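Notes for the one structure printed next.
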Amino acid sequence: MEKPTILVVEDEPAIADTIQYALESEGFRCLRLETGAGVVEVLDSQPVALVVLDIGLPDVSGVEVCRRIRQRHDVPVIFLTARSGEVDRVVGLELGADDYVTKPFSPRELAARAKAVLRRARSGNGAPQPQPGTAFKLDEERRQITYFGKPLELSRYEYKLLAVLLKRPGRVYSRDELLELVWDAPEASLDRTVDAHVKNIRAKLRDIRHDADPIATHRGMGYSLKEGL
């Protein structure tokens with residue numbers, strides 16, 4: 001069986017060496033970059049199972065690199081940072097990062113988190129589940145949602161959030177429930193993280209049908225998908 005490839009983007013050689021050793025000891029294959037400029041090109045050229053991405057890169061911030069990744073790929077991302085402020089966590093998670101590790105960290109812990117993220121990324125993949133006669137079609141195998149026949153360009157967490165709502169139309173989910181069901185690190189997220197993602201999803205739905213708003217807001221409670229769509 002081919003080893004899963006992890007791309008490590010870290011400009012400090014000693015840290016990158018430690019990460020590579022820990023990951024390869026767990027059966028992964030590692031690629032390394034010291035700058036963010038070539039990350040998307042690597043992802044375009046070969047299959048990568050996970051990106052371990054330092055936020056403090058010398059050429060471009062890891063946040064910007066993650067934004068570029070999300071525009072073209074659905075690969076899981078773990079951020080590395082020397083900062084642990086709430087703003088950094090929220091920005092990272094809203095961009096679709098799957099986990100967030102603060103330096104200094106245990107290489108074994110990082111390897112364990114990498115395995116956990118990959119397990120979550122593989123879980124839940126089943127046969128396509130179209131809903132005939134509805135505005136939406138959900139294909140979990142391809143991680144694709146279409147709306148009135150048009151595929152939606154969704155970030156990782158936008159897809160997961162909308163998929164939760166699609167599976168139980170009319171069911172009202174609180175923000176805390178959505179954080180637990182969708183985000184991999186709900187304790188590091190805020191209510192406004194959910195609100196920001198719902199806002200982005202609504203904008204993308206309006207681009208296809210400006211006269212429809214299939215997501216209902218229940219003040220003081222949460223969100224649901226409207227029934228009968």
Side-chain angles (χ1 to χ4, degrees), residues 39-40 43-44 60-77 87 89-98 120-121 124-186 188-229:
V39 170
V40 173
L43 297 179
D44 287 343
V60 59
S61 77
V63 171
E64 175 59 27
V65 174
C66 187
R67 183 177 290 110
R68 294 175 187 176
I69 290 172
R70 287 289 166 256
Q71 290 174 348
R72 299 179 62 156
H73 297 279
D74 191 35
V75 61
V77 175
V87 172
R89 290 198 302 273
V90 171
V91 169
L93 293 168
E94 286 187 355
L95 279 171
D98 296 83
R120 289 194 293 266
N125 292 336
Q129 296 184 0
Q131 295 83 34
T134 67
F136 292 94
K137 285 191 171 72
L138 170 63
D139 184 340
E140 291 190 288
E141 185 174 45
R142 294 178 175 81
R143 302 180 68 81
Q144 177 67 65
I145 298 172
T146 59
Y147 182 55
F148 288 104
K150 296 185 178 180
L152 292 166
E153 295 293 331
L154 301 172
S155 72
R156 183 178 185 81
Y157 285 120
E158 288 168 359
Y159 164 81
K160 293 171 72 175
L161 193 159
L162 185 54
V164 167
L165 297 178
L166 283 174
K167 289 176 181 179
R168 295 188 64 183
R171 203 275 203 193
V172 179
Y173 290 89
S174 70
R175 290 170 176 82
D176 286 342
E177 285 179 310
L178 291 170
L179 285 172
E180 289 293 334
L181 290 168
V182 174
W183 272 262
D184 297 317
S189 303
L190 302 176
D191 285 353
R192 71 181 183 88
T193 303
V194 175
D195 296 337
H197 280 72
V198 170
K199 181 179 179 181
N200 290 341
I201 293 169
R202 279 176 164 155
K204 293 176 181 182
L205 297 177
R206 282 197 300 270
D207 286 342
I208 296 174
R209 285 287 295 269
H210 70 277
D211 58 335
D213 186 9
I215 299 176
T217 300
H218 302 267
R219 294 192 180 278
M221 293 184 287
Y223 297 100
S224 71
L225 188 78
K226 294 177 182 177
E227 295 181 273
L229 296 173

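In this text, all values refer to a predicted model and were calculated from it rather than measured experimentally. Side chains included, hydrogens not; waters and symmetry mates left out as well; all remaining heavy atoms used.
Annotation: side chain of Thr217 is in contact with side chain of Tyr223 (closest heavy-atom distance under 4.5 Å). The closest side-chain heavy-atom distance from Val60 to Arg68 is below 4.5 Å. Annotation: side chain of Val77 is in contact with side chain of Arg70 (closest heavy-atom distance under 4.5 Å). When side chains are defined from C-beta on, Leu162 does not count as touching Leu138, because their heavy atoms never get closer than 4.5 Å.
Of the possible polar contacts, none joining the Glu64 side chain to the Ser61 backbone as a donor-acceptor pair under 3.5 Å is found. Between the side chain of Gln144 and the backbone N or O of Glu153, no donor-acceptor pair lies under 3.5 Å. Between the side chain of Arg206 and the backbone N or O of Arg209, no donor-acceptor pair lies under 3.5 Å. A donor-acceptor contact shorter than 3.5 Å is absent between the side chain of Arg67 and the backbone of Gly62.
With sequence neighbours left out, the salt bridge (charged side-chain N to carboxylate O under 4.0 Å, His left out) criterion links Arg72 to Asp44. When the side-chain hydrogen bond (donor to acceptor under 3.5 Å, both in side chains) test is applied to Lys204, the partners found at least two apart in sequence or on another chain are Glu158. Under the rule for a salt bridge (charged side-chain N to carboxylate O under 4.0 Å, His left out), the partners of Asp74 that lie at least two apart in sequence or sit in another chain are Arg143, Arg156.
Scanning both residues, Pro169 and Leu166, for their nearest heavy atoms gives CD-O, 3.4 Å. In this structure, Thr146 and Pro151 approach most closely via the heavy-atom pair CG2-CA, 3.8 Å. Of all heavy-atom pairs spanning Ala216 and Arg202, the tightest one is C-NH2, 3.9 Å. Nearest approach of Glu177 to Ser174, heavy atoms of both residues: OE1-N, 2.9 Å.
Here the straight-line distance linking atom OH of Tyr173 with atom CG of Leu178 works out to 8.0 Å at 0.5 Å rounding. One distance of note links CD1 of Ile208 with CZ of Phe148; it measures 9.0 Å at 0.5 Å rounding. Summarising the geometry, atom CG belonging to Leu181 is positioned 10.0 Å from atom NZ belonging to Lys160; distances are rounded to the nearest 0.5 Å. Separation of atoms CD1 (Ile215) and CG (Asp213) is listed at 7.0 Å; rounding is to 0.5 Å. Taking CD1 of Ile201 as the start and OH of Tyr159 as the end, the distance is 12.0 Å to the nearest 0.5 Å. Atom-to-atom distance recorded for Leu154:CG and Leu161:CG is 10.0 Å, nearest 0.5 angstrom.
Using bins of under 30°, 30° to 60° and over 60° for the plane-to-plane angle, the ring pair Tyr157/Trp183 lands in the parallel bin.
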